[in-house]
Every structure is written in C-alpha cells, then in structure tokens.
Amino acid sequence: MSNENTYQGKCFCGAVELAFSGEPEMMAYCHCDSCRHWAASPISSFTLWKPDSLRVTSGADNIATYSKTPQSLRKWCKQCGGHLFTEHPDMGLTDVPAAVINGFTFKPAIHVNYQETVLPLKDGLPKFKDLPKQAGGSGEELSE
Ligand SMILES: [Zn+2]
Ligand SMILES: [Zn+2]
C-alpha cells in the first residue's frame, strides 16, 4: 500500500482541503430522495472510499457535521456551506461527491435507487431498483 496522494479535493471556498490515496471502491449515481435533497440536484454522482484513503489536509476546524440518521455523518464547510463527504460508519465507507475531487474522471458503474428517479437516463448502465444485493438491497434491476 502506498500513501502517495492520488487526488486532492476542496470545499467550495477552499478553506477545507482533502487528499486521497488509491482509487475509490465504487463510483455510481444515486437517484434517492435523500441524496437529491442533500445534493440539491436531480441526481447524485458519488464515489465510495475506504475511510483511511481520505485525509483532511487543511481547515479541519471548519468542518461541521449533520446527521439525520446514525448511518450518515454528513460533513460540510462552515465557511461556505459546501459539501465535503459523508461517513457511513455501518458500511465502513466514506462517500465523496465526485465534483469535490479536483480533476477527477468520474466513471460510474451503476445507478442505485432508480425507482425514485426524477431524471431517467439512457446510458446503458445497470439500474438497480434499490441497491445491489452485496450492499443490502434487493438486487433487482429496472429497464431504462
Ligand atoms: Zn468552504
Ligand atoms: Zn441516495
């Protein structure tokens, strides 16, 4: 395992900076109501990382946390309100919006929670009604 930084990221104002090592475990789109409201967007483009792949390199004291449920600790910058990442302690993964990572090439593999979509997309990727089986879902896929 190398500790070399592969990517850097920052909040909207730049007061908080992040560094990543390695590559995400998964990249996907989520269509669920929670993601849409938190992201203020019809679709969320997320990357999942092992928690130790992500470090806060500056501005840690500017980070605030919002938890609607214990499954998601949502981190944002107190200076600008920009989102940073969401810790999922039960999953052992940290969700980082693809747009937070500088110059990152987003290569989504699947769509999740497609039953809630408000932005149907015909991109040929698998569309899970809720989540894949290995993520605790039904594994059921919907057609485009
Ligand atoms: Zn900020
Ligand atoms: Zn979601």
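Counting convention: from 1, in listed order, for ligands and their atoms alike.
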Euclidean distance, Leu119 CG relative to Tyr114 OH, rounded to 0.5 Å: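 These two atoms lie 7.5 Å from each other.
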To the closest 0.5 Å, what do you measure between NZ (Lys78) and SG (Cys13)?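 Answer rounded to 0.5 Å: 12.5 Å.
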Rounded to 10 degrees, what angle sits at the Zn ion (ligand 1) between Cys11 SG and Cys13 SG?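 Taking the Zn ion (ligand 1) as the apex, I get 110° for this pair.
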Suppose we only count N/O/S atoms under 2.8 Å; would Cys30 qualify as near the Zn ion (ligand 2)?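 Coordinating: yes.
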Please work out which of the three classes, parallel, tilted or perpendicular, describes the rings of Phe20 and Trp49, given edges at 30° and 60°.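 If you compare the ring of Trp49 with that of Phe20, the planes turn out tilted.
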The Zn ion (ligand 2) as vertex, arms to SG of Cys35 and SG of Cys32: angle to 10°?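 So the angle at the metal works out to 110°.
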Mind listing the closest non-hydrogen atom pair of His88 and Gln71 along with its distance?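 For His88 versus Gln71, the nearest heavy atoms are ND1-O, 3.1 Å.
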